[in-house]
Amino acid sequence: MKELRKAVFPLAGHGTRFLPMTKASPKEMLPLVDKPVVQYTVEEAVASGVSQIIMVTGRGKRAIEDHFDISYELEDVLREKGKMTLLEDVRRISFMAEIVYTRQKESLGLGHAVLCARNLVGNEPFAVALADEVIDGKEPALAQLLDVAREFDAPVIGIQEVSTSDVSHYGIVRGHEIREGLFRVDSLVEKPRVSEAPSRWAVIGRYILTPDIFAILENQSPGVGGEIQLTDALVTLASHRPLYAVKIEGKRYDTGDKAGFLRATVRFGLKNPELGPEFRKFLSDILAHPESE
Ligand code: UTP
């Protein structure tokens, strides 16, 4: 597999699970302590060796562009006040990677959002990362996929095992395990009923793909929810060439879901060196005396 330089971030969904918050603001700009969710995933991509990020945005997502842009006024204020550490933090965000933007004009599905990046990706392998899935592990999640993509010179999807009751929320893998945590994919089922799920291995928003996926997506008819599903295109891809699925090591938080977002907030709050000790005490006080809250 050629060097991986580009990652596509599909950001044009409606975020209905997080309404009304998502009515006018992107869920990817929700903060986990002091950084927006999308910054965690950008940092993961950069740490995995990606140098260009293609953000597929839609209406109401302008705050994402502003976050990764230079803010002259803010930088001047910080400089004048001598807040040099904050100034460094703010400037670093603007230079982490080359970020380019395109718009998905209608939310026709994740597969369609990826197709919108076709011309910007060109004829080379690329990653796809769903920014609201924050993965906190020792090795960046995309780098874990990349190891397998290089070993087999093939596209790879990231998976984790979910509980039986959760299979209906995910794309689920049908495949055979060729070594621990690594599967050759035969097929995928999008959001199956519990009784129809071929396994509990769920696709969790990280992919390394080859550009032949675009021709498949172009001819893909709408699937579950009337949307053009990336999962359906991957089923076709798997029938043309070997497709692998690898278990991603790390804690995963679906921050596009209210409960997942709260879990992530608590975890990252506890891990924060400045806030962690006090926050831990606060939480244990609440748990010890819930009636006093
Ligand atoms: P989700 O299934 O999480 O949908 O999309 P959503 O609209 O963001 O959120 P809910 O389920 O309504 O609460 C998975 C990813 O695909 C992107 C989303 O932004 C998210 O990153 N997506 C989805 C698009 O970019 N365009 C689409 O048409 C649909």
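Atoms within a ligand are numbered from 1 in the order they appear, just like the ligands themselves.
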Per-atom contacts of ligand 1 with [X], taking only distances under 4.0 Å to non-hydrogen atoms:
X    : result
H14  : 7 (O)
Q104 : 24 (C), 25 (O), 26 (N), 27 (C), 28 (O)
K27  : 3 (O), 6 (P), 8 (O), 9 (O)
A113 : 24 (C), 25 (O), 26 (N)
S107 : 28 (O)
L108 : 28 (O)

If you look at every heavy atom in [X] and [Y], which pair is closest and at what distance?
X    : Y    : answer
V46  : A97  : CG2-CB, 3.9 Å
A129 : T41  : CB-CG2, 3.9 Å
S48  : L142 : OG-CB, 3.4 Å

A student comparing G256, G13, G58 should find that the heavy atom closest to atom 22 (N) of ligand 1 comes from G13
What do you reckon, does E227 have a nitrogen or oxygen under 3.5 Å from a nitrogen or oxygen of ligand 1?
no
Examine A12 against ligand 1 and note whether any of their N/O atoms are separated by less than 3.5 Å.
yes
Which residue and non-hydrogen atom of the protein lie closest to [atom], and at what distance in Å?
atom                    : answer
atom 16 (O) of ligand 1 : L110 CD1, 3.5 Å
atom 12 (O) of ligand 1 : T16 OG1, 2.4 Å
atom 28 (O) of ligand 1 : G109 N, 2.7 Å
atom 17 (C) of ligand 1 : P10 O, 3.7 Å
atom 14 (C) of ligand 1 : L130 CD1, 4.0 Å
atom 11 (O) of ligand 1 : R17 NE, 3.1 Å

Here the gap from Q229 atom CD to L217 atom CG, rounded to the nearest 0.5 Å, amounts to 11.0 Å
Any salt bridge between E151 and R179, counting N to O under 4.0 Å?
yes
Is any NZ, NE, NH1 or NH2 atom of the basic residue among E124 and K6 found under 4.0 Å from an Asp or Glu carboxylate oxygen of the other?
yes
Name of the residue among M29, E28, K27 meeting side-chain contact (heavy atoms from CB on, under 4.5 Å) with P36
M29
Is the shortest side-chain heavy-atom distance between [X] and [Y] below 4.5 Å?
X    : Y    : answer
V246 : F152 : no
R184 : P242 : yes
L130 : P10  : yes

Could you tell me if any non-hydrogen atom of E106 lies under 4.0 Å from any atom of ligand 1?
no
What orientation do W201 and F183 show, parallel under 30°, tilted 30 to 60°, or perpendicular over 60°?
tilted
Looking at atom 2 (O) of ligand 1, is any protein heavy atom nearer than 4.0 Å to it?
no
Is any heavy atom of the protein nearer than 4.0 Å to atom 5 (O) of ligand 1?
no
